[in-house]
Amino acid sequence: RMTHGDFVTEVAFSPDGRLVASGDLGRTLRVWEAATGEEVSRMRLEEHLGSISFSSDGRWVVACGDVTVQVWEAATGMEVSHMKHDYPVSVVAFSPDGLWVASGTYDGKVQVWDAAKGVEVSRMAHDEAVSDITFSPDGRWVVSGSDDGTVRVWEASSGKELSRMIHGEPVHIVAFSTDGRQVVSI
């Protein structure tokens with residue numbers, strides 16, 4: 001049994017299912033062994049938690065809160081990088097190779113960051129809040145959905161917009177097919 005001292009607001013499995021990350025209203029992020037419930041590491045968030053994601057190898061965990069994105073080593077809780085935004089962050093995701101982190105904000109910005117250095121790689125923009133974001137399986141593209149009713153595909157390294165689909169209403173979830181050739185959204 002995994003317990004926090006405060007109300008849990010986010011939870012995520014590592015890709016191999018071995019670890020679970022959970023964050024609470026008290027700004028504590030914990031990583032647990034899924035099989036035993038034993039706490040592996042504990043991190044203190046700078047701000048209230050918004051979203052959690054693991055790198056594909058489960059080595060790192062990223063979380064966003066208000067205007068901050070933080071990356072930690074899952075096994076030790078040691079901070080790897082720290083990224084500041086101008087506006088509150090709504091969602092984060094790792095690239096498949098774990099080298100980049102994408103973030104979306106409530107003012108419509110999409111940013112790709114070097115996960116280890118915390119340096120911006122590219123910046124894109126929607127007209128309203130970004131609700132979901134994910135990388136293509138090969139990590140070359142980012143798809144984002146927004147309250148502006150669009151789904152957009154971007155080149156991750158440059159920020160160049162490659163495709164725009166009009167949803168007609170706010171977009172909540174986006175995903176690439178396993179071959180990266182199709183996008184689905186709701």
Side-chain angles (χ1 to χ4, degrees), residues 10-23 34 49-64 69-72 74 80-81 83 85 87-186:
E10 285 288 324
V11 66
F13 271 103
S14 63
D16 64 4
R18 197 177 58 78
L19 300 173
V20 174
S22 57
L49 180 66
S51 177
I52 303 171
S53 181
F54 275 96
S55 59
S56 60
D57 61 5
R59 183 175 152 221
W60 290 347
V61 63
V62 63
C64 67
V69 172
Q70 293 170 269
V71 177
W72 296 274
V80 175
S81 64
M83 293 80 95
H85 291 68
Y87 214 80
V89 182
S90 53
V91 64
V92 291
F94 266 106
S95 62
D97 61 10
L99 298 178
W100 290 344
V101 168
S103 59
T105 63
Y106 285 104
D107 71 340
K109 300 288 184 303
V110 174
Q111 291 168 269
V112 175
W113 305 87
D114 180 303
K117 298 176 184 172
V119 175
E120 185 178 287
V121 174
S122 61
R123 180 183 293 225
M124 304 72 100
H126 279 272
D127 296 327
E128 294 181 33
V130 177
S131 53
D132 198 19
I133 194 166
T134 192
F135 282 89
S136 61
D138 64 6
R140 291 177 46 210
W141 304 309
V142 172
V143 63
S144 56
S146 170
D147 287 354
D148 68 8
T150 66
V151 174
R152 302 183 195 195
V153 179
W154 317 88
E155 185 176 59
S157 62
S158 70
K160 179 182 176 187
E161 185 176 326
L162 303 174
S163 178
R164 181 183 304 202
M165 293 143 279
I166 307 300
H167 212 268
E169 56 189 47
V171 179
H172 303 288
I173 299 170
V174 295
F176 274 102
S177 60
T178 56
D179 66 3
R181 296 179 61 196
Q182 297 178 314
V183 172
V184 66
S185 62
I186 58 171

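Heavy atoms only: backbone and side chains are in, while hydrogens, waters and symmetry mates are out. Note that the structure is predicted; figures quoted are calculated from it, not measured.
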Student: Between Val89 and Ser103, what is the shortest heavy-atom contact and its length?
Tutor: CG1-CB, 4.1 Å
Student: Search all heavy atoms of Leu19 against all heavy atoms of Gly58 and return the closest pair with its distance.
Tutor: CD1-O, 4.0 Å
Student: For a 4.5 angstrom cut-off between non-hydrogen side-chain atoms, does Thr150 reach Ile166?
Tutor: yes
Student: Of the non-hydrogen atoms in Ser81 and Met83, which two are nearest, and what is the gap between them?
Tutor: OG-SD, 3.6 Å
Student: I need the Lys117 NZ to Leu99 CG distance, nearest 0.5 Å.
Tutor: 10.5 Å
Student: Verify, without hydrogens or angle tests, whether Ser55 (side chain) and Gly98 (backbone) share a donor-acceptor contact under 3.5 angstrom.
Tutor: no
Student: If you take all heavy atoms of Ala156 and Gly139, which pair is closest and at what distance?
Tutor: CB-O, 3.8 Å
Student: Could you tell me whether the side chain of Thr134 and the main chain of Ala175 form a donor-acceptor pair under 3.5 Å?
Tutor: no
Student: Go through Val171 and Asp132 one step at a time and tell me if the side-chain contact (heavy atoms from CB on, under 4.5 Å) criterion holds.
Tutor: CA-CA 8 Å; Val171 179; Asp132 198 19; over 6 Å; no
Student: Got a second to check how far Arg164's CZ is from Asp148's CG, nearest 0.5 Å?
Tutor: 7.5 Å
Student: For the OG1 atom of Thr105 and the NE2 atom of His126, what is their distance to the nearest 0.5 Å?
Tutor: 10.0 Å
Student: Is the shortest side-chain heavy-atom distance between Met165 and Val153 below 4.5 Å?
Tutor: yes
Student: With a 4.5 Å limit on heavy-atom distance, are the side chains of Val61 and Ile52 in contact?
Tutor: yes
Student: Can you tell me how far apart CG (Asp127) and CG (Asp147) are? Round to the nearest 0.5 Å.
Tutor: 11.5 Å
Student: Strictly distance-based, threshold 3.5 Å: is any side-chain N or O of Ser56 a donor or acceptor partner for the main-chain N or O of Pro96?
Tutor: yes
Student: Under the 3.5 angstrom rule, does the side chain of Ser90 hit a backbone N or O of Val130 as a donor-acceptor pair?
Tutor: yes
Student: To check you understand the geometry: which heavy-atom pair defines the closest contact between Trp141 and Phe176, and what is its length?
Tutor: CB-CZ, 4.0 Å
Student: Is the backbone of Ala129 close enough, under 3.5 Å, to the side chain of Ser146 for a donor and an acceptor to pair up by distance?
Tutor: yes
Student: Which class fits the ring pair Trp100 and Phe135: parallel under 30°, tilted 30 to 60°, perpendicular over 60°?
Tutor: tilted
Student: Quick one: are Met124 and Glu161 in side-chain contact, heavy atoms under 4.5 Å?
Tutor: no
Student: If I compare all heavy atoms of Ala116 with all of Asp114, which pair ends up nearest, and what's the gap?
Tutor: N-OD1, 3.0 Å
Student: Under a 4.5 Å cut-off applied to non-hydrogen side-chain atoms, are His85 and Gln111 in contact?
Tutor: yes
Student: Got a donor-acceptor contact below 3.5 angstrom from the Ser53 side chain to the Val62 backbone?
Tutor: no
